[in-house]
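Worksheet for the structure shown next.
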Amino acid sequence: MTDTAVVPRTPLTVLGTGAMGTALARVWLAAGHEVTVWNRTAARAEPIAAEGATVAASAADAVAANRLVIVCLLDDASVGEALDGADLAGRDLVNLTTGTPAEGRARAAWAEERGARFLDAGIMAVPPMIGAPDSGGYVFYSGSPELFEEHRDTLGVPAGTRFVGADTGFAALHDVALLSAMSGMFAGITHAFALIRPEDIAPKDFAPLLADWLTAMAPAVHQTADRLESGDHTRNVVSSLAMQAAGVPTFLRTAEEQHVSPELLAPYLRLMERRVAQGHGEEDGTGMIELLDLRRGA
Ligand code: NDP
């Protein structure tokens with residue numbers, strides 16, 4: 001977070017006072033920014049109005065109030081719906097609504113056609129992490145580097161900022177890539193707890209073992225990047241895919257013994273076996289990324 005003492009206090013608009021929009025608006029207000037808000041359901045803007053925000057009667061009025069307009073609505077469709085009819089000419093639209101890369105790019109073209117400048121964003125935080133500098137929360141931004149630089153200090157008030165490129169789709173892509181990896185991790189955590197659940201093992205005793213193991217395995221992402229950059233999946237392999245795949249029946253039999261459905265684990269294990277069957281047993285698991293590439297007829 002930027003030192004609020006040196007931040008020029010740009011007045012701004014926040015469209016959407018759901019859980020995230022409210023958290024953002026609250027921090028900007030506390031830092032001394034004039035904040036205008038709009039929410040489809042007016043009652044949901046009342047708490048932030050009580051903290052000093054000005055409530056606009058319509059999205060169009062809220063957009064007219066300030067050049068910098070932060071959009072934090074449910075999804076891309078709701079952004080189109082809310083801004084339909086608003087005059088966007090001369091506005092700087094910063095879209096913190098979660099969407100896909102293609103939605104980010106299309107929304108940028110849509111905004112530019114209407115005379116607005118546009119940044120897309122992806123929030124790597126939950127509301128309690130907003131305005132909490134030590135929480136590790138931050139926001140990905142992509143689009144015009146000049147526009148980002150212009151608003152960098154203001155955008156950095158509620159959470160850290162990471163600009164990831166001039167391609168407007170990149171913020172959403174980074175956001176969803178990280179969240180997708182998180183989903184895989186949660187799938188593994190779910191399966192692991194299901195395995196121990198029938199036994200006399202306290203989840204509270206098991207949890208630190210699992211957390212430490214996941215932390216120890218996390219640096220594998222750097223080896224993956226290294227192999228992808230070199231294009232050589234056999235580089236510095238410690239546990240070959242053939243060796244890993246040989247363990248697959250053990251994983252599946254253990255699930256069966258514990259009366260646990262293998263549905264979360266099986267797709268990854270099947271991919272591993274497919275890569276080995278194609279003659280790539282000497283590789284590390286990074287070779288499986290090739291199998292997921294649909295452009296190559298995976
Ligand atoms: P909420 O469900 O709390 O709020 C959703 C907001 O979108 C409300 O302001 C709602 O208005 C508005 N909305 C929904 N549909 C429409 C529509 N058709 N037209 C106009 N407004 C509409 O969600 P959050 O505030 O938590 O999330 C907002 C964005 O932030 C989402 O894209 C989410 O993915 C992202 N985000 C949220 C995180 C979180 O942990 N909460 C984490 C990271 C990102 P109304 O009150 O009238 O329904």
Side-chain angles (χ1 to χ4, degrees), residues 1 12-29 35-51 53-65 69-86 88 91 93-108 110-111 114 118-133 135-143 155-162 164 168-183 185-186:
M1 177 171 304
L12 56 92
T13 286
V14 176
L15 298 182
T17 56
M20 186 55 84
T22 297
L24 293 164
R26 175 171 293 136
V27 181
W28 272 308
L29 276 173
V35 178
T36 299
V37 299
W38 169 81
N39 198 63
R40 180 182 60 176
T41 308
R44 238 178 145 189
E46 281 166 15
I48 199 70
E51 294 179 39
T54 302
V55 180
S58 67
D61 287 353
V63 168
V69 178
I70 309 294
V71 187
C72 190
L73 299 171
L74 186 64
D75 55 14
D76 183 65
S78 57
V79 175
E81 212 170 294
L83 288 173
D84 185 35
L88 299 181
R91 302 295 98 170
L93 225 56
V94 181
N95 186 26
L96 277 81
T97 305
T98 304
T100 70
E103 283 171 347
R105 291 179 189 123
R107 192 54 69 194
W110 174 93
R114 287 159 179 75
F118 185 88
L119 281 176
D120 206 35
I123 306 173
M124 302 310 302
V126 292
M129 293 163 87
I130 301 298
S135 68
Y138 64 88
V139 181
F140 285 124
Y141 291 92
S142 60
L155 296 175
V157 169
T161 60
R162 297 200 187 175
V164 284
T168 319
F170 277 12
L173 184 57
H174 282 73
D175 181 9
V176 174
L178 264 57
L179 294 177
S180 299
M182 185 184 75
S183 296
M185 185 185 76
F186 285 149

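Note that ligands are numbered from 1 as they come in the structure, with each ligand's atoms numbered from 1 the same way. Predicted model, so just to flag it, every value in this text is computed and none were measured.
Between Val35 and Val37 the shortest side-chain heavy-atom distance falls below 4.5 Å. Side-chain contact check for Tyr141 versus Val164: every heavy-atom pair is 4.5 Å or farther apart. The side-chain heavy atoms of Leu96 and Leu24, taken from C-beta on, include a pair separated by under 4.5 Å.
Every atom of ligand 1 is numbered from 1 in the order shown, and the set under 4.0 Å from a heavy atom of Ile123 is 43 (C), 44 (C). Those atoms of ligand 1 with a heavy atom of Pro127 less than 4.0 angstrom away are 39 (C), 40 (O), 41 (N). Those atoms of ligand 1 with a heavy atom of Ala125 less than 4.0 angstrom away are 42 (C), 43 (C). Near Ser78, meaning under 4.0 Å from one of its heavy atoms, ligand 1 places the atoms 15 (N), 16 (C), 17 (C), 18 (N), 19 (N), 22 (C).
Considering backbone and side-chain atoms together, Thr41 places an N or O closer than 3.5 Å to an N or O of ligand 1.
Among Asp120, Thr97, Thr13, the single residue meeting the side-chain contact (heavy atoms from CB on, under 4.5 Å) criterion with Val71 is Thr97.
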Please set out all donor-acceptor pairs under 3.5 angstrom arising from side-chain atoms of residues 168-176, sequence neighbours excluded.
from   : atom 1 : to     : atom 2 : distance (Å)
His174 : ND1    : Phe170 : O      : 2.7

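In terms of modelled atom types and a separation under 3.5 Å, the side chain of Ser58 and the main chain of Asp61 share a donor-acceptor contact.
In this structure, of Leu74, Asn39, Thr22, the residue bringing a heavy atom nearest to atom 5 (C) of ligand 1 is Leu74. Which of Arg40, Glu81, Arg44, Met20 comes nearest to atom 8 (C) of ligand 1 through a heavy atom is settled by distance: it is Arg44. Summarising the contacts of atom 29 (C) of ligand 1 with Leu73, Thr98, Leu179, the nearest heavy atom is found in Leu73.
Checked against side-chain contact (heavy atoms from CB on, under 4.5 Å), Ala86 has the following partners two or more places apart in sequence or in another chain: Ala60, Val63, Leu83, Leu88.
Residue Asp75 places no heavy atom under 4.0 Å from ligand 1.
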